[in-house]
Amino acid sequence: MRIGIVAPARAITPEAAARVQAFAAITFPQVDVVVHPQCFLEAGHFAGTDAERGAAFLEFANDPGFDAIWFARGGYGSNRILGTVLPQLNRAAAAKTYLGYSDMGFLLGALYARRIGRQVHGPMPIDVGRSDGGASVGRALAWLVNRDAHVLEPNLDGRPAAAFNLAILEALVGTPWLPDLTDHVLYVEEVSEAIYRIDRMMFTVGNATQLHGLAGIRLGQVTDVPENGEFGETLEAIMTRWAGVLGVPYLGRAEIGHAAGNMVVPFGAG
């Protein structure tokens, strides 16, 4: 099996990439993890220019020698290449698995909307820096290599699912890149946002006509919340209220997010 790592948003360091490759070599020696040199480029915030990031993604995605694309890191930027790369994907790209989270929700959502490959919300190579002994990247590799059910988010119940960072989902609403999530359980998580901003983003989700027909909503981890005074309403109350506006049930918490406990959620029925 060959897994290709590309960085459609921010760069990773050669040291982080080497750690991931070493970890994979020990835990899954049958796998060849190939890191595209583009992952180490720097162009301001981004891992290279839009053109460089798009070209690297297309190179690996369209290569039949790779079985999966593992996105290196989030940050911001994958939305800027959607209009360029999506029309250029070939049959080899449609046979791949694509795994990531955070900003990679732009690509996962757009690919899922067009039924190009198999999309998975889960840990990325950048997570090798977490103090969890490699458990995060190990979960991602276990799903890519063995479809190991032990790494799945424990609330998955056989219904179709999709998972997004809330800010990315909000940005997708009203665009052609948001997939049809009818009958799906929607998982959302967030990082570094004040509670009032989560409420404001849920206003968009709760009133999004594109999201009518969901089976329900679950909330993952909400981490690194900035201090912004007392909001006066819990996250559960916020989710329940806006899910009610959308006309779907709030189903409770989930084990996904920008933290070591980020479990795997395949898009669709798994």
Hey, does the side chain of [X] reach the backbone of [Y] with a donor-acceptor pair shorter than 3.5 angstrom?
X	Y	result
E190	A167	yes
R53	R80	no
D103	G77	yes
K96	I69	no
R253	G220	yes
Q30	M1	no
Q210	T175	yes
N62	N90	yes
E236	I238	no
E193	I198	no

Inset, instruction - Please determine, by modelled atom types, if R10 and S102 share a side-chain donor-acceptor pair under 3.5 angstrom. - result: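 The criterion, which ignores hydrogens and geometry beyond distance, is not satisfied for S102 and R10.
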Legend entry - Donor-acceptor pair between Q221 and H258 side chains, under 3.5 angstrom: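 Result is no, nothing qualifies.
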In Å, rounded to the nearest 0.5 Å, how long is the span from [atom1] of [X] to [atom2] of [Y]?
X	Y	atom1	atom2	value
I5	Q38	CD1	CD	11.5 Å
D199	L235	CG	CG	10.0 Å
L219	Y250	CG	OH	4.5 Å

Compare every heavy atom of [Y] with every heavy atom of [X], then report the nearest pair and how far apart it is.
X	Y	value
M104	A9	CE-CB, 3.6 Å
L246	V205	CD1-O, 3.7 Å
A243	P249	CB-C, 4.3 Å
S78	F106	OG-CB, 3.3 Å
I12	A17	CD1-CB, 4.0 Å

Legend entry - Any residue meeting side-chain contact (heavy atoms from CB on, under 4.5 Å) with V34, in chain and number order, not counting sequence neighbours: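 side-chain contact (heavy atoms from CB on, under 4.5 Å) check on V34 returns R2, D32, F60, F66.
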Legend entry - For H150, side-chain contact (heavy atoms from CB on, under 4.5 Å) partners two or more places apart: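 Partners of H150 under the side-chain contact (heavy atoms from CB on, under 4.5 Å) test: D148.
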Inset, instruction - Please determine if R218 and E153 form a salt bridge, counting it only when a charged side-chain N lies under 4.0 Å from a carboxylate O. - result: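 Looking at R218 and E153, the cut-off is not met.
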Inset, instruction - Specify whether Y98 and F71 have parallel, tilted or perpendicular ring planes, treating 30° as the upper limit for parallel and 60° as the lower limit for perpendicular. - result: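 Ring orientation of Y98 relative to F71: parallel.
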Legend entry - Geometric class of the F267/F164 ring pair [parallel <30°, tilted 30-60°, perpendicular >60°]: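 Ring orientation of F164 relative to F267: perpendicular.
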Inset, instruction - Show your reasoning for whether side chain to side chain contact (heavy atoms under 4.5 Å, CB included) applies to L181 and L186. - result: CA-CA 8 Å; L181 298 178; L186 173 64; 4.1 Å; yes
Inset, instruction - Could you tell me whether R115 sits above the aromatic face of Y112, with NZ or CZ closer than 6.0 angstrom to the six-membered ring centre and within 45 degrees of the axis? - result: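 Relative to the ring axis of Y112, which defines the angle, R115 lies inside both limits.
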Inset, instruction - Flag the pair H36 / F57 as yes when their ring centroid distance falls below 6.0 Å, and as no otherwise. - result: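 When the ring centroids of H36 and F57 are compared, they turn out to be at least 6.0 Å apart.
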Legend entry - Neighbour count >12 (heavy atoms, 6.0 Å) for atom CZ, F23: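 Above 12, so yes.
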